[in-house]
Amino acid sequence: MATTACFLHHHALTTASRSSSSSSSSSQRQASNMKPSHLVCRAQKRAVQEDDGSLVSRRLALTVLIGAAAVGSKVSPADAAYGEAANVFGKPKTNTDFLPYDGNGFKLSLPAKWNPSKEVEYPGQVLRYEDNFDSTTNVAVMVTPTDKKSITDFGSPEEFLSKVDYLLGKQVFAGVTDSEGGFDSNAVATANILETATPVVGGKQYYFLSVLTRTADGDEGGKHQLITATVNGGKLYICKAQAGDKRWFKGARKFVENAASSFSVA
């Protein structure tokens, strides 16, 4: 295409040299104000009209026009930027890291590589999925009857957590210990609330809590536990997703946060 454009441009200038100086000057001013793609097409047209003996074929002219049209066309969805894979069929890409799950009265997004688990940890547990390589990284959903009309009837998020503290695990050690490693005397476990929120989704009030629990044995450096809860139709719905502190910072955080934040009642 580059050789064809140069040939046409040179031919147009040769034809123009046969005319008077004033006509040549006018043509040059006109050509300088035109876009490059238009300049090539017009030079070809003028050459054909002014010089009937020209050997430029119709096929060559058609090739120039097609090339000019291609320059102004839109980029195909299949084109890819440097470092990206081409989308050959032009279809929109989907997020394959998570799969939607519709339960009885609730829904959430589950990590695609997590598997269902038959282990039952909490009262009213109706769902549990866990990481393929680490059962500590998991998500569970509990549904229990309640006489509350709204999650706010439990009090503040902190007060609500105190009523469902079994979700964080109970200390079974009853011996005497000295205060060590940030733990109180005679205590081998601790829980710190890192964040609370009270979002309203679909007109329904929710509580969200982010809690870091630690034990004296230092297992995983602690656990990040995210709790989402609401009340609907006389039932208390709780979703708890968690990961060990080490895995949390090695990539598990994205999956745990998405599972907890995607939870909602139908």
Rounded to the nearest 0.5 Å, what separation is found between the [atom1] atom of [X] and the [atom2] atom of [Y]?
{"X": "Asn232", "Y": "Ser264", "atom1": "CG", "atom2": "OG", "answer": "10.0 Å"}
{"X": "Glu159", "Y": "Asp153", "atom1": "CD", "atom2": "CG", "answer": "12.0 Å"}
{"X": "Leu209", "Y": "Ile238", "atom1": "CG", "atom2": "CD1", "answer": "10.0 Å"}
{"X": "Ser150", "Y": "Gln205", "atom1": "OG", "atom2": "CD", "answer": "6.0 Å"}
{"X": "Arg253", "Y": "Asp245", "atom1": "CZ", "atom2": "CG", "answer": "10.5 Å"}

Taking every non-hydrogen atom, the tightest pair across [X] and [Y]:
{"X": "Thr136", "Y": "Gly244", "answer": "CG2-N, 4.1 Å"}
{"X": "Val256", "Y": "Gln242", "answer": "CG2-O, 3.6 Å"}
{"X": "Ser262", "Y": "Ser109", "answer": "OG-N, 2.8 Å"}
{"X": "Ala112", "Y": "Thr96", "answer": "CB-O, 3.4 Å"}
{"X": "Leu167", "Y": "Lys240", "answer": "O-CE, 3.4 Å"}
{"X": "Ala260", "Y": "Thr228", "answer": "O-OG1, 3.0 Å"}

- Query: So, do Val164 and Tyr122 sit near enough that their side-chain heavy atoms are less than 4.5 Å apart?
  - Reply: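 Result no, sub-4.5 Å side-chain heavy-atom pair not found.
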
- Query: So do the side chains of Tyr129 and Leu99 get within less than 4.5 Å of each other, counting heavy atoms only?
  - Reply: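 No, their side chains stay 4.5 Å or more apart.
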
- Task: Sort out for me which residue in Tyr237, Tyr206, Phe154 forms a side chain to side chain contact (heavy atoms under 4.5 Å, CB included) with Val231.
- Result: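 The passing option is Phe154.
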
same_hphob_cluster([X], [Y]) at 4.5 Å side-chain heavy-atom cutoff:
{"X": "Phe249", "Y": "Phe133", "result": "no"}
{"X": "Phe160", "Y": "Val200", "result": "no"}
{"X": "Leu212", "Y": "Leu161", "result": "no"}
{"X": "Val120", "Y": "Leu168", "result": "no"}

- Task: Before giving the answer on side-chain contact (heavy atoms from CB on, under 4.5 Å), spell out for Glu257 and Leu226 the whole-Å C-alpha distance, their side-chain angles and the decisive distance to 0.1 Å.
- Result: CA-CA 7 Å; Glu257 287 183 337; Leu226 307 185; 3.7 Å; yes

- Item | Carboxylate-amine/guanidinium contact Asp131 Arg247, below 4.0 Å |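 No.
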
Mutual orientation of the aromatic rings belonging to [X] and [Y] [parallel < 30°, tilted 30-60°, perpendicular > 60°]:
{"X": "Phe263", "Y": "Phe106", "answer": "tilted"}
{"X": "Phe98", "Y": "Phe255", "answer": "tilted"}
{"X": "His224", "Y": "Trp248", "answer": "parallel"}

- So does Asn132 have more than 12 non-hydrogen atoms from other groups sitting under 6.0 Å from CG?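 More than 12 heavy atoms, drawn from other residues, nucleotides or ligands, come within 6.0 Å of this atom.
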
- Item | Lys250 atom NZ, neighbour heavy-atom count above 12 within 6.0 Å |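 No, the 6.0 Å shell around NZ holds no more than 12 heavy atoms from other groups.
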
- Message: Please evaluate residues Glu119 and Asn138 with respect to the criterion side-chain contact (heavy atoms from CB on, under 4.5 Å), reporting the C-alpha separation (whole Å), side-chain torsions for both, the decisive distance (0.1 Å), and the verdict.
- Response: CA-CA 11 Å; Glu119 181 180 353; Asn138 61 70; over 6 Å; no

- Item | Results of side chain to side chain donor-acceptor pair (under 3.5 Å) for Thr213 - residues two or more places apart only |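 For Thr213, the residues satisfying side chain to side chain donor-acceptor pair (under 3.5 Å) (neighbours in sequence not counted) are Gln225.
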
- Task: Go through the steps to decide whether Asn258 and Asp97 satisfy the test side-chain contact (heavy atoms from CB on, under 4.5 Å), and finish with yes or no.
- Result: CA-CA 10 Å; Asn258 189 85; Asp97 290 337; over 6 Å; no

- Message: As a quick check of understanding, evaluate side-chain contact (heavy atoms from CB on, under 4.5 Å) for Tyr207 and Thr198, giving each step before the final call.
- Response: CA-CA 5 Å; Tyr207 277 175; Thr198 57; 3.6 Å; yes

